[in-house]
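Reviewing the structure listed below.
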There are 4 protein chains.
Amino acid sequence: MIRILGDNNSIFNQFIAELRDETVQKDSMRFRRNLERIGEIFAYEISKELDYSKKSVHTPLGIAEVPVIKQQPVLSTVLRAGLPLHQGLLNYFDKAENTFISAYRKYDGDGTFHIEFEYITGPIIDDKIVIISDPMLATGASMVLAYKAMLKKGNPKHTHIVSIIASNEGINYIKKNLPNKDITIWVGAVDQELTVKSYIVPGLGDAGDLAYGNKE
Amino acid sequence: MIRILGDNNSIFNQFIAELRDETVQKDSMRFRRNLERIGEIFAYEISKELDYSKKSVHTPLGIAEVPVIKQQPVLSTVLRAGLPLHQGLLNYFDKAENTFISAYRKYDGDGTFHIEFEYITGPIIDDKIVIISDPMLATGASMVLAYKAMLKKGNPKHTHIVSIIASNEGINYIKKNLPNKDITIWVGAVDQELTVKSYIVPGLGDAGDLAYGNKE
Amino acid sequence: MIRILGDNNSIFNQFIAELRDETVQKDSMRFRRNLERIGEIFAYEISKELDYSKKSVHTPLGIAEVPVIKQQPVLSTVLRAGLPLHQGLLNYFDKAENTFISAYRKYDGDGTFHIEFEYITGPIIDDKIVIISDPMLATGASMVLAYKAMLKKGNPKHTHIVSIIASNEGINYIKKNLPNKDITIWVGAVDQELTVKSYIVPGLGDAGDLAYGNKE
Amino acid sequence: MIRILGDNNSIFNQFIAELRDETVQKDSMRFRRNLERIGEIFAYEISKELDYSKKSVHTPLGIAEVPVIKQQPVLSTVLRAGLPLHQGLLNYFDKAENTFISAYRKYDGDGTFHIEFEYITGPIIDDKIVIISDPMLATGASMVLAYKAMLKKGNPKHTHIVSIIASNEGINYIKKNLPNKDITIWVGAVDQELTVKSYIVPGLGDAGDLAYGNKE
């Protein structure tokens, strides 16, 4: 299932507009803040699909029956670019457990290496609801690898994949490579083109560099 | 028109549950933070009803057509209890103009006084969209007075009234006293009872005291 | 006693530099954020002069003797310009009580009016430590009026007056008009000139307008 | 050089008191927020030791000579526990470059493994000022490994090591293993004991688990 939040206009699209704008991008604090606000809105929209139960709470003046979330989700993100988006999700799901996934270079015998994902840390996710976030969904390959790496920690009940800008190619890659999985894909906008170097066009550039500075 | 956001379950209801809970209320930082998060969600939902236009922005890799808000709203709040809720609205509508409304005691000749609302500050609001917030809508009398005081600054194109917890009485009072006005009322939850001292039951108590400490 | 925090260089001066810069001022979100960060730093520096007592707390691994603040201060601000600065102070003194002071126009018999300060809300301040904030200390007249209005609520043990940019004239006015009071004046920078319209030069312009938009 | 910020009482010690308190720890949002506020205060105190230059900025009313930071530091942190502390540092040094360091298990031929640090991402740090943070400095071994891993990216002009709670053993280990390095160690408090499992006592427990939930 795919939900494209930007298809209905809201302030969410204003934040994406600012993320894309190379003039506004010069302010990395605002760039990070926009990723965070977008994360909060994803959290809110995803929360509409969670289960709630009634609880009685004592107010200073009486007793109220209030709906509360039955089961906190696990917030999972791919470093480093995912951090501000994850922060936004955590701003709203403030009681959630968290998983941080990072890549490392695994050297093969012949001196070459390939990228492997390894959990740095995280809880067992069996029967839990997982929200896994990465700001860009370009080819979709990283997300599929991250998802599969995550399965070492158990089988989630449902996974919400969150990306701000996706390519059609990336979305299709996920559908093809994670069939029969209980997954909802949440994106902000879908861009049409993917360059040979796997950059989304028009996209926004490198989200990690724009949030945290260039890397070597 | 009335929109009750809490009628559909979301993390929004979790925040209201915490606001109501007299144990959680002991942490005034969390109380203020919940008012702020609720303000953000109101901002987002209201933003779905605003007008957008397309703008071309240069990304580092191309040109994107992005929807941006046509006209920034004016955020108006009633002091002091409205401040954290207003902060939440401003977190999202960060380019908005702002109006702060406060009450003062107008002494009558005979030594008695009545409450009058006076703008402290704010822009002309003719043909603008105004969002006016106060966490509790009890009798509705303060909101109607605040709304009318605001009209000294012009005639808004549309007004969104935002309250977290309302009584039916308060909602009806607004409908009755502001007929033929272009108004949308946004509330989080509607409680049934109103005490003789005009407190909403079960409600949450005095939002101003809980956010900022008791007043004399 | 006067403490000028900007006399020793720190990131605090960077924030003031941004506040003053008419190009950076175009981003009102950053303007408000800088007022807030400056408020946090004032809170931290003022907190060095408060009294602490030892308390035993249970950690998961043992018992620690930790210093905690003996008496929470009362945070008092002058609306509207003081709000983001006050928010910064409250970010650190998150358990403080709060007072909001606003002005209203008191009409005299002949149709003219003068400005009077009136508490909107606040606690009794007898024997308490009060931190009263207003971003600009121009002539000093508003601050003296606000201070005196505040005394209706009791006699504080000590008052910390906080302003980001002050004129020498404003500082001297306070010294002259509040003699024998237990007061510490905290400022970020002292500018030399005051225009006939009571604007500090070079100053930063109108802090309220820059934070919240022009007023009529 | 060692600076122990908690030796002089300030609100900083209040935040540490809350971090240590196993009752307050149940609120992971407040736990993270306290790490963040402590990071902000470290940023401010460290910023007093940076170099500044004068810059002319145009205010709306004149020209001001303002001190600004000559060279932005590189903020470097060890995952996952370091993230909220790093966020606090970044809240103030909002224009800084960032480095994220994570550990992975390097499998040796015989099936055993040891921990190696690898940059995930970061800039060249030659002649730059680096601030490297990790909330706990227990044995000091991780910090020394992280520091050495970082040197693959160049030789910093000066490094500020930031930890909230340290053991004497950890501080001595750094002094012994990083001699002749241009380093300032900043800590909040120094605790006396280190358990055989390398936990600081009384300490605060596992900062990563308290911020982000238990890991498998």
Side-chain angles (χ1 to χ4, degrees), chain A residues 26-33 36 72-84 86-87 90-107 109 113 115-126 128 152-154 206 208-216, chain D residues 26-33 36 72-84 86-87 90-107 109 113 115-126 128 152-154 206 208-216:
Chain A
K26 282 172 190 151
D27 181 351
S28 65
M29 183 165 80
R30 182 175 276 269
F31 190 84
R32 292 188 300 268
R33 181 73 183 114
E36 205 178 335
Q72 289 294 326
V74 177
L75 306 179
S76 179
T77 198
V78 178
L79 298 173
R80 74 185 154 152
L83 287 173
H86 179 267
Q87 182 59 48
L90 185 56
N91 284 352
Y92 278 17
F93 289 118
D94 66 75
K95 300 177 203 315
E97 295 178 292
N98 297 269
T99 299
F100 298 98
I101 302 171
S102 72
Y104 73 104
R105 296 175 181 176
K106 178 152 186 173
Y107 287 89
F113 64 85
I115 299 298
E116 282 214 359
F117 278 90
E118 166 163 330
Y119 273 124
I120 303 175
T121 47
I124 293 294
I125 59 172
D126 276 323
K128 294 182 183 171
K152 293 179 203 163
K153 298 283 182 178
D206 187 306
D209 283 3
L210 290 164
Y212 293 119
N214 293 331
K215 59 174 184 282
E216 185 206 6
Chain D
K26 281 172 191 150
D27 182 350
S28 66
M29 183 165 79
R30 183 175 275 269
F31 190 84
R32 292 188 301 267
R33 182 72 184 113
E36 205 178 336
Q72 289 294 326
V74 178
L75 306 180
S76 180
T77 199
V78 178
L79 297 172
R80 74 184 155 153
L83 287 173
H86 179 267
Q87 183 58 48
L90 186 56
N91 284 352
Y92 278 17
F93 289 118
D94 65 74
K95 300 176 203 315
E97 294 177 292
N98 297 269
T99 299
F100 298 99
I101 302 171
S102 72
Y104 73 102
R105 297 175 181 176
K106 178 152 188 172
Y107 287 89
F113 63 86
I115 299 299
E116 282 213 0
F117 278 89
E118 166 163 329
Y119 274 123
I120 304 174
T121 47
I124 292 294
I125 59 172
D126 276 322
K128 293 183 182 170
K152 292 179 203 162
K153 298 283 183 178
D206 187 305
D209 283 3
L210 291 164
Y212 292 120
N214 293 330
K215 59 175 185 281
E216 185 207 6

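So you know, we letter chains A, B, ... as the sequences are listed, proteins then strands, and number each from 1. It should be emphasised that the depicted structure is a prediction, and the values quoted were computed from it without experimental measurement.
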Item checked: From CG (Leu83(A)) to CD (Gln87(D)), nearest 0.5 Å -> 9.0 Å
Margin query: Quick check for you: to the nearest 0.5 Å, what is the distance between Met29(A) atom CE and Phe93(D) atom CZ?
Written below: 14.0 Å
Notebook entry, point to check: Which answer fits Asp94(A), side chain, backbone, both or neither, if we ask what part of it has an atom under 4.5 Å from a heavy atom of chain D?
Noted result: both
Item checked: Under 4.5 Å from a heavy atom of chain D, the part of Leu75(A) involved -> neither
Notebook entry, point to check: With a 4.5 Å limit on heavy-atom distance, are the side chains of Arg32(A) and Leu90(D) in contact?
Noted result: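 Yes, close enough: below the 4.5 Å cut-off.
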Check: Is any side-chain heavy atom of Lys215(A) closer than 4.5 Å to a side-chain heavy atom of Thr99(D)?
Finding: no
Next item on the list: Over all heavy atoms of both residues, which pair between Asn98(A) and Ala211(D) is shortest? Give the atoms and the distance, please.
Entry: ND2-O, 4.5 Å
Notebook entry, point to check: So which heavy atom on Thr121(D) is nearest to which on Arg80(A), and how close?
Noted result: OG1-CD, 3.0 Å
